[in-house]
**Student:** 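This is the structure, below, for whatever I ask next.
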Amino acid sequence: MSARELFVPGRLCLFGEHSDWAGVYRALDASITAGYCLAVGTTQGITARVARNDSQLIVDSRAVDDDLIPLAIPFTADRLGAVAHSENFYAYVAGVALHMREHYRIGNITIQTTRMNLPLRKGLSSSAAICVLAARAFNQLYALELSTRDEMECAYQGEILTGSQCGRLDQVCAYGSVPVSLVFDGEQMHVEPVAPRAPMHLVIVDLQRGKDTKKILHDLNCAFVSKSPIGAQVRDALGTQNKRIVSQAHSALEGGDAQRLGELMCEAQQIFDRQVAPASADELSAPKLHDVLAHPLVRELSWGGKGVGSQGDGCAQLVAHDSEAQQALLRELPPLLDVSCLELNIVALQQVREGVAV
């Protein structure tokens with residue numbers, strides 16, 4: 001099997017952050033509301049050259065960061081497990097490799113990252129993107145004939161082996177750039193592409209701050225299963241309130257109504273701040289996020305916005321009025337607020353029909 005190049009984008013959760021893992025609790029308690037999400041792949045992602053090799057699992061990202069020491073280890077359960085449970089940069093790849101080794105007839109591969117323009121630890125599913133890329137590499141190099149959903153599952157199981165408490169939303173980056181609607185009902189996941197009737201122009205704002213996603217997930221999971229007043233607020237926000245918001249956002253997205261989509265983002269952020277953030281206050285107070293959302297330029301040129309991914313001071317997403325407003329935000333926000341910005345365009349129905357892959 002010859003070498004090949006793979007690209008996997010990041011994932012922007014438009015609405016429904018945290019409701020993927022919350023919906024899984026329905027398997028234990030049917031009174032819990034299913035998790036509803038809307039997501040889309042980012043323009044930015046990870047590109048890598050992958051190939052079989054005969055000796056070791058090799059992962060090399062020096063092309064994107066000179067300081068990263070390549071990983072080269074025997075393809076054994078103990079070595080893969082040790083790396084997966086470590087703080088090694090390549091832990092996620094090792095976790096996927098361990099899962100694939102235990103369930104499929106495969107051997108060693110080399111993953112050589114050639115380009116990565118996806119911000120890390122910013123809520124854009126950089127960890128899921130590398131997990132999907134690793135699962136896809138094994139799938140294609142060893143002709144496993146796995147579906148996209150199968151690749152998502154392998155990526156999810158591999159990330160879980162690292163100790164992450166992520167849900168299944170992140171791995172939807174496997175679907176590429178098409179917006180998708182997801183429902184998480186216990187162990188079941190339903191995915192449906194969404195075809196907007198008009199294009200929408202978004203700006204992803206990297207807040208240039210840090211956040212601890214594992215702590216956020218740990219804190220919110222603990223709150224969700226507790227009998228405390230905060231637990232009840234979290235369950236309501238990620239359940240009933242989220243279902244209502246996502247349903248309205250789905251209609252706005254399909255209808256190409258950017259103004260309504262932005263307004264719903266503002267409402268979703270208010271609910272999150274009021275009912276969810278107190279469960280992990282140190283990480284979710286997010287002062288930089290709120291400074292950006294309240295800035296006069298953002299109020300002038302966007303219909304609204306909200307936090308991204310697990311929330312916190314990772315990234316914000318804004319729905320610009322139009323392409324000109326989007327370009328103005330991309331140009332003017334960085335020097336004003338000490339941030340960096342990424343462009344994301346959601347294509348219209350006709351463009352989807354003309355060949356955007358599903």
Side-chain angles (χ1 to χ4, degrees), residues 11-39 121-125 127-128 156 159-172 182-189 207 209-247 249 264-290 293 306-317:
R11 181 276 304 144
L12 177 66
C13 178
L14 298 168
F15 293 88
E17 61 275 358
H18 296 296
S19 63
D20 53 342
W21 58 258
V24 173
Y25 282 105
R26 273 179 59 80
L28 303 174
D29 182 353
S31 69
I32 293 173
T33 305
Y36 292 81
C37 303
L38 288 172
R121 301 180 181 90
K122 299 295 183 177
L124 298 176
S125 295
S127 58
Y156 169 74
E159 187 161 352
I160 290 296
L161 287 173
T162 69
S164 170
Q165 291 181 284
C166 70
R168 284 181 163 85
L169 170 62
D170 293 353
Q171 291 75 29
V172 78
L182 303 103
V183 181
F184 299 91
D185 188 350
E187 294 299 325
Q188 301 299 313
M189 179 180 71
L207 302 172
R209 297 283 180 89
K211 66 174 183 176
D212 189 338
T213 299
K214 286 188 176 182
K215 185 178 188 304
I216 293 171
L217 290 169
H218 174 269
D219 291 348
L220 296 191
N221 271 270
C222 289
F224 193 87
V225 299
S226 76
K227 303 300 183 182
S228 67
I230 288 181
Q233 291 179 2
V234 172
R235 288 190 295 275
D236 178 60
L238 302 185
T240 304
Q241 297 278 18
N242 179 68
K243 180 180 180 180
R244 175 183 61 82
I245 292 284
V246 171
S247 175
L264 286 165
M265 285 192 182
C266 293
E267 184 178 355
Q269 185 65 51
Q270 291 169 0
I271 293 170
F272 189 91
D273 291 342
R274 183 173 63 249
Q275 296 186 217
V276 180
S280 187
D282 290 345
E283 292 295 330
L284 295 178
S285 60
K288 187 69 175 286
L289 168 66
H290 292 93
L293 294 178
K306 59 186 287 293
V308 168
S310 60
Q311 288 257 1
D313 268 343
C315 284
Q317 56 182 310

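Count residues from 1 along the sequence.
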**Student:** Under a 3.5 Å distance rule, please check whether Ser247 uses its side chain to pair with a backbone N or O of Arg244 as donor and acceptor.
**Tutor:** no
**Student:** Report yes or no: does Glu187 contribute a side-chain atom to a donor-acceptor pair with the main-chain N or O of Val24 at less than 3.5 Å?
**Tutor:** no
**Student:** Using the test side chain to side chain contact (heavy atoms under 4.5 Å, CB included), find all partners of Ala286 that sit at least two apart in sequence or belong to another chain.
**Tutor:** Leu289, His290, Asp313
**Student:** Is the count of non-hydrogen atoms from other residues, nucleotides or ligands lying under 6.0 Å from Lys243 atom NZ greater than 12?
**Tutor:** no
**Student:** Specify the closest pair of heavy atoms between Ser280 and Ile216, including all atoms of both residues, with the distance to one decimal.
**Tutor:** OG-CA, 3.9 Å
**Student:** Looking at every heavy atom in both Leu12 and Gln317, which two are closest together, and how far apart are they?
**Tutor:** CD2-OE1, 3.6 Å
**Student:** Looking only at non-hydrogen atoms, find the nearest pair between Ser310 and Lys211 and report the distance.
**Tutor:** OG-NZ, 2.9 Å
**Student:** Hey, can you tell me if Phe224 and Trp21 have their rings parallel, tilted or perpendicular (30° and 60° cut-offs)?
**Tutor:** perpendicular
**Student:** Under the side chain to side chain contact (heavy atoms under 4.5 Å, CB included) test, which residues partner Gln233, sequence neighbours left out?
**Tutor:** Gln275
**Student:** Distance check, rounded to the nearest 0.5 Å: Ser19 atom OG versus Phe184 atom CZ?
**Tutor:** 7.0 Å
**Student:** Assess, by modelled atom type and distance only, whether the side chains of Glu283 and Gln311 contain a donor and an acceptor separated by less than 3.5 Å.
**Tutor:** no
**Student:** So, does Asn221 use its side chain to make a donor-acceptor pair with the main chain of Leu217 at under 3.5 Å?
**Tutor:** yes
**Student:** Locate the shortest heavy-atom distance separating Leu284 from Val276; write the atom from each residue and the value.
**Tutor:** CD1-O, 4.3 Å
**Student:** Taking all non-hydrogen atoms of both residues into account, name the closest pair between Ser228 and Ser226 and its distance.
**Tutor:** OG-OG, 2.9 Å
**Student:** If we ignore hydrogens and angles and just use 3.5 Å, is the side chain of Arg209 paired with the main-chain N or O of Gly312 as donor and acceptor?
**Tutor:** no
**Student:** Do Leu14 and Met265 have side chains that get closer than 4.5 Å, going by heavy atoms?
**Tutor:** yes
**Student:** Rounded to the nearest 0.5 Å, what separates atom CG in Asp20 from atom OH in Tyr156?
**Tutor:** 8.5 Å
**Student:** Can you tell if the side chain of Arg235 reaches within under 4.5 Å of the side chain of Tyr25, non-hydrogen atoms only?
**Tutor:** no
**Student:** With salt bridge (charged side-chain N to carboxylate O under 4.0 Å, His left out) as the rule and sequence neighbours excluded, what pairs involving residues 23-37 come up?
**Tutor:** Arg26-Asp185
**Student:** Quick one: CD on Gln171 to CD on Glu159, what's the gap to the nearest 0.5 Å?
**Tutor:** 5.5 Å
**Student:** Compare every heavy atom of Ile271 with every heavy atom of Ala237, then report the nearest pair and how far apart it is.
**Tutor:** CB-CG2, 4.0 Å
**Student:** Hey, could you give me the CZ/CG distance between Phe15 and Leu38, rounded to the nearest 0.5 Å?
**Tutor:** 7.0 Å
